[in-house]
Each structure stands twice: as C-alpha cells, then as structure tokens.
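Structure record follows, encoded as structure tokens.
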Amino acid sequence: MPALPSHRKPRTRVRTTTPAVGLTTAALASVTLLSTQSATAAPAEPKPSIEEVQKKVDALYRQAGTATQQYNKAKSASAEQRSKVDALLEAAAKRADKLNETRRELGNYATAQYRSGSIAPTATFFLADDPQSYFDQDQLMARMTSQQQKAVADFRTQQKEAAAKRVEATKSLETLTESQATLRTSKQQVQTKLTEARSLLSKLTAEEKARLAELERKKEAEAKRKAEELARQQAEKEKAEQAAKEEAGSGSGTGTGTGTETGGTGSDSGYASKAEKVLAFARAQIGKPYVWGATGPSSYDCSGLTQAAWKEAGVDLPRTTWDQVEVGTRVATADLRPGDLVFFYDDISHVGIYKGDGMMIHAPKPGANVREESIYYMPIYGSVRPA
C-alpha cells in the first residue's frame with residue numbers, strides 16, 4: 001500500500017512564529033511599563049522664584065561669613081599655640097645643655113675623687129704642701145658635689161616637666177591643625193554652594209535678572225532711607241547737646257574752653273583723632289576685593305579690614321568678629337560715632353566701620369569689593385567703641 005503524504009506543518013514554521021509573538025509581547029509590555037512609569041513619576045521640581053533665589057544666595061553668603069570667622073579663629077589659635085611649642089622646645093634644649101654641662105663637671109669631680117681615693121685622708125693631709133689648702137679643697141669638693149647633685153636633680157625634674165609640656169603642646173597643636181583642616185573643608189563646601197547659587201543666577205533670563213536687580217535696589221533704598229533718618233536724629237541730638245552746653249557755659253561764666261564737636265572732653269577729642277586715622281585708612285581700601293581670611297594689604301575680609309584700620313590708629317584688635325565685639329564699650333545705634341564698629345546678624349558674623357550719617361565702610365562678601373553702605377542693609381546685632 002502506497003504511503004500517504006504527511007499533512008503536518010513543518011517544525012520550522014513553529015520556530016519562526018514563536019519569536020515574533022514573543023517580541024511583540026515584550027514590546028507591548030515595555031510600552032505599557034514606560035507609560036506607567038511616566039504616569040506615576042514625581043513631577044519636576046518647580047523653578048525657584050526670584051525672591052527665593054535672592055534668599056538662598058544671601059543665606060549662603062552669611063554661611064560663608066560665619067565659616068570665615070571660624071577659620072580665622074582656628075588660624076589665630078594655631079599660630080599662638082605654635083609659638084608656645086617653639087618656646088617650650090627652646091627651653092627644653094637649653095635645659096638639656098645645662099644638664100650635659102653639669103654632668104661633665106660631675107664626671108671631672110668623680111675622676112678627681114677616684115684618683116685621690118687610694119690615699120687615706122690622713123696621709124693626704126701630711127703629704128700636702130699646705131695643710132690649710134687641703135682643708136679648703138676638701139670642704140669645697142664636698143660642698144660643690146652636693147650643689148651639683150641638687151642641680152642635676154632639679155634639671156632632671158625640669159626636663160621631665162618640659163617634655164610633658166612639649167607633648168601636651170604638640171597634641172594641642174595637632175588638634176588645632178586638624179580642626180583648621182576641617183574648617184577649610186567646611187569653607188570649601190560653602191564655596192561650592194555659592195558656586196551653585198551663582199550658577200543659578202547665571203541661568204536667569206534677562207527679565208528675571210532685571211527683577212532681581214529691582215529687588216536689590218528696593219532693599220538698598222530702604223536701607224538708605226533708614227540711614228538718612230538716623231543721620232537726622234543724630235544731627236538733632238548733637239544740636240540740642242551743643243545748645244545745652246552753650247547755655248550752661250553762659251550761665252556759669254567759667255567755660256572750660258575745651259569744647260569739640262564730639263562732646264568737649266579730652267577723651268572725646270582723643271577718640272575723634274583716632275577715628276580720623278581709622279576712616280582715612282578704610283577709605284583708602286575702598287575698591288579692594290573681599291577675600292575670606294585676608295588681612296590686607298591687597299584684599300580683606302570684614303574683620304581683617306576693621307583690625308587693620310584700627311591698627312593704623314595704634315589699637316590692636318583681635319582677629320575675629322566674635323572677639324572684636326568684646327573690646328571697648330558697647331554703644332547704642334542712636335549714639336554711634338565715626339570709628340565705632342557695627343556688628344551684624346545674631347551670630348555676629350559680620351562687622352563694619354561706622355563713618356557717620358548712618359553709613360559704614362566694610363568688606364561685604366565674596367565677589368564684592370570694600371565699599372560704603374548703609375548700616376541698615378543687614379540686621380544689626382550691636383556696636384562697640386574700641387578705644
């Protein structure tokens with residue numbers, strides 16, 4: 001019987017259709033998954049407003065100012081500690097030299113005693129050319145030996161103390177150095193944030209930049225208005241005080257003859273003279289850049305400028321705003337006089353030199369130059385009269 005033809009489909013057709021179905025299913029699944037992810041993805045973060053950008057940049061500048069004062073404090077303390085360590089090392093070296101010298105002297109005495117030890121004291125007495133000189137030398141030898149032994153003991157004690165102090169100072173210096181390195185790292189982090197903020201500012205459109213500039217103008221105008229009001233109040237107060245002095249002088253008929261524009265006393269005159277030197281120096285620095293940690297002469301941070309200016313008048317101020325605010329006498333804002341230091345923010349991270357009429361000279365912030373500005377541009381913490 002002849003063989004019947006096969007009607008089954010070849011296996012190859014099955015193999016060719018299966019991958020096609022699989023790819024189509026995978027493609028559909030991918031599209032569905034992407035669609036689902038797109039639908040459930042978090043919405044993009046909205047672009048910050050101009051006001052928010054301004055607040056962020058201002059906050060970052062303030063953080064930079066605080067970090068700068070922390071760095072200045074650590075740097076000053078580190079330099080002071082290094083001087084102490086050098087002094088301790090020098091003292092320890094001198095003590096070691098003295099100790100070695102004493103040891104050599106004791107060695108000479110020991111050698112002399114050894115050489116004379118084979119002869120009995122009585123024989124030495126009788127053999128001596130001068131019996132009296134024997135007694136003198138013998139007593140001197142005993143006395144000198146005792147003194148040297150005591151000296152050696154004292155030097156050893158001092159050496160131990162110096163070594164202990166040296167170790168202590170070295171450890172303290174290492175701690176300060178590590179702290180300073182940490183502060184530099186922290187400062188770098190703040191600078192990174194400032195760079196991000198500047199980058200954000202650079203991406204603003206022309207219209208947005210114009211709006212930001214308008215916000216700054218309004219802020220400056222308000223600060224200037226407050227400065228002018230303070231100047232008016234101070235002028236009225238000074239006029240009233242001057243009139244009262246003139247009236248008191250004419251009433252007694254025995255005026256002191258020491259009247260000045262700043263109060264009429266020798267102390268006031270002396271302060272005014274110093275303030276003139278301070279402000280003359282500060283004005284000469286206008287236009288120089290703010291650089292954190294700088295103390296001049298080509299650049300300054302805020303406390304570096306105030307320190308350098310008052311040094312010109314013969315007054316040494318500490319390095320940081322936190323220490324400068326503790327110098328001299330506290331004064332109210334209404335009683336400010338040229339030369340006084342005005343401090344800002346609750347953390348006392350900024351300072352300027354009052355020049356009169358509600359204005360100051362200060363090194364503002366990174367990216368800005370030393371300039372005159374209203375003291376009301378920033379929130380005032382308090383003020384001091386350094387001398």
Side-chain angles (χ1 to χ4, degrees), residues 61-62 64-66 68-73 76 223 226-227 230-231 233-234 237-238 261-263 267-286 288 290-297 299-365 368-387:
Y61 280 136
R62 181 178 174 181
T66 302
T68 296
Q69 296 306 315
Q70 291 173 336
Y71 173 82
N72 292 340
K73 184 176 182 178
S76 178
K226 291 182 178 180
L230 176 62
Q233 293 174 358
Q234 288 179 329
K237 181 180 179 181
E238 183 178 350
E261 293 182 358
T262 57
S267 175
D268 289 339
S269 178
Y271 185 79
S273 176
K274 292 179 180 178
E276 288 179 3
K277 294 179 181 179
V278 170
L279 288 171
F281 178 89
R283 290 189 186 98
Q285 312 314 309
I286 291 177
K288 293 182 179 180
Y290 174 104
V291 174
W292 69 273
T295 56
S299 59
Y300 298 88
D301 62 21
C302 65
S303 57
L305 176 63
T306 53
Q307 184 186 48
W310 267 100
K311 186 175 182 180
E312 191 72 12
V315 177
D316 291 327
L317 293 180
R319 179 64 182 91
T320 70
T321 54
W322 303 320
D323 292 328
Q324 289 181 6
V325 76
E326 300 296 333
V327 175
T329 306
R330 287 292 184 95
V331 293
T333 301
D335 298 326
L336 282 170
R337 287 165 48 186
D340 291 346
L341 301 181
V342 186
F343 298 86
F344 301 90
Y345 301 114
D346 292 340
D347 59 357
I348 323 176
S349 56
H350 191 71
V351 62
I353 304 170
Y354 190 67
K355 67 176 289 291
D357 297 330
M359 303 293 287
M360 66 177 172
I361 299 175
H362 70 141
K365 58 186 177 181
N369 297 331
V370 176
R371 65 193 183 199
E372 293 185 8
E373 199 155 44
S374 168
I375 62 173
Y376 292 103
Y377 188 78
M378 296 168 284
I380 297 174
Y381 172 84
S383 305
V384 301
R385 190 159 296 150

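- Minimum interatomic distance between Met360 and Ser374 (heavy atoms only, all atoms of both residues): CE-O, 3.8 Å.
- Phe343 contributes atom CZ, which lies 11.5 Å from atom OG of Ser349 (distance to the nearest 0.5 angstrom).
- When all heavy atoms are compared, the tightest approach of Ala363 to His350 is O-CE1, 3.0 Å.
- Nearest heavy-atom pair, Phe344 versus Ile375, reported as atom, atom and distance to 0.1 Å: CE2-O, 3.0 Å.
- Partner of Asp268 under the salt bridge (Lys or Arg N to Asp or Glu O under 4.0 Å) criterion, chosen from Arg337, Lys274, Arg385: Arg337.
- Open room surrounds NZ on Lys311; 12 or fewer heavy atoms of other groups in view lie less than 6.0 Å from it.
- The aromatic rings of Trp292 and Tyr71 sit perpendicular, their planes meeting at an angle over 60°, well past the 30° parallel limit.
- In this structure, Trp310 contributes its side chain and Gly339 its backbone to a donor-acceptor pair below 3.5 Å.
- Ion pairing between a basic and an acidic side chain is recognised when a charged N comes within 4.0 Å of a carboxylate O; Asp335 and Arg330 show no such pairing.
- Taking CG of Leu341 as the reference point, atom CD of Gln307 lies at 11.0 Å (rounded to 0.5 Å).
- You'll find the side chain of Tyr377 stays beyond 4.5 Å of the side chain of His362, heavy atoms only.
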Which is it for Val327 and Leu317 under the side chain to side chain contact (heavy atoms under 4.5 Å, CB included) test, yes or no, and what are the steps along the way?
-> CA-CA 8 Å; Val327 175; Leu317 293 180; 4.0 Å; yes
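- Across all non-hydrogen atoms, the minimal contact from Tyr381 to Tyr345 is CB-O, 3.3 Å.
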Begin with the C-alpha distance, continue with both residues' side-chain angles, and end with the deciding distance and a verdict on side chain to side chain contact (heavy atoms under 4.5 Å, CB included) for Gln70 and Trp322.
-> CA-CA 9 Å; Gln70 291 173 336; Trp322 303 320; 3.3 Å; yes
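- With sequence neighbours excluded, no residue forms a side-chain hydrogen bond (donor to acceptor under 3.5 Å, both in side chains) with Glu312.
- Once rounded to the nearest 0.5 Å, the distance linking CG of Asp347 with OG1 of Thr66 reads 3.5 Å.
- Rounded to the nearest 0.5 angstrom, Ile361 CD1 and Leu305 CG are separated by 8.0 Å.
- For Gln234 (side chain) and Leu336 (main-chain N/O), a donor-acceptor pair under 3.5 Å exists by modelled atom type.
- Counting heavy atoms from C-beta on, the side chains of Gln324 and Pro318 come closer than 4.5 Å.
- Atoms CG and OG1, from Asp340 and Thr306 in turn, are 12.5 Å apart once rounded to the nearest 0.5 Å.
- A donor-acceptor pair under 3.5 Å is absent between the side-chain atoms of Ser76 and the main chain of Asn72, judged by distance alone.
- Here the CD1 atom belonging to Ile353 is positioned 9.0 Å from the CD atom belonging to Gln285, to the nearest 0.5 angstrom.
- A distance-only check finds no donor-acceptor pair linking the side chain of Thr321 to the backbone of Ser303 [under 3.5 Å].
- Annotation: side chain of Met359 is not in contact with side chain of Leu230 (no heavy-atom distance under 4.5 Å).
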Going through the distances and angles, do Val370 and Tyr290 end up as a side chain to side chain contact (heavy atoms under 4.5 Å, CB included)?
-> CA-CA 7 Å; Val370 176; Tyr290 174 104; over 6 Å; no
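- Between Tyr271 and Pro338 the shortest side-chain heavy-atom distance does not fall below 4.5 Å.
- Asp301 approaches Arg319 most closely through the heavy-atom pair OD2-NH2, 2.9 Å.
- A search for side-chain hydrogen bond (donor to acceptor under 3.5 Å, both in side chains) contacts involving Lys73 returns nothing, not counting sequence neighbours.
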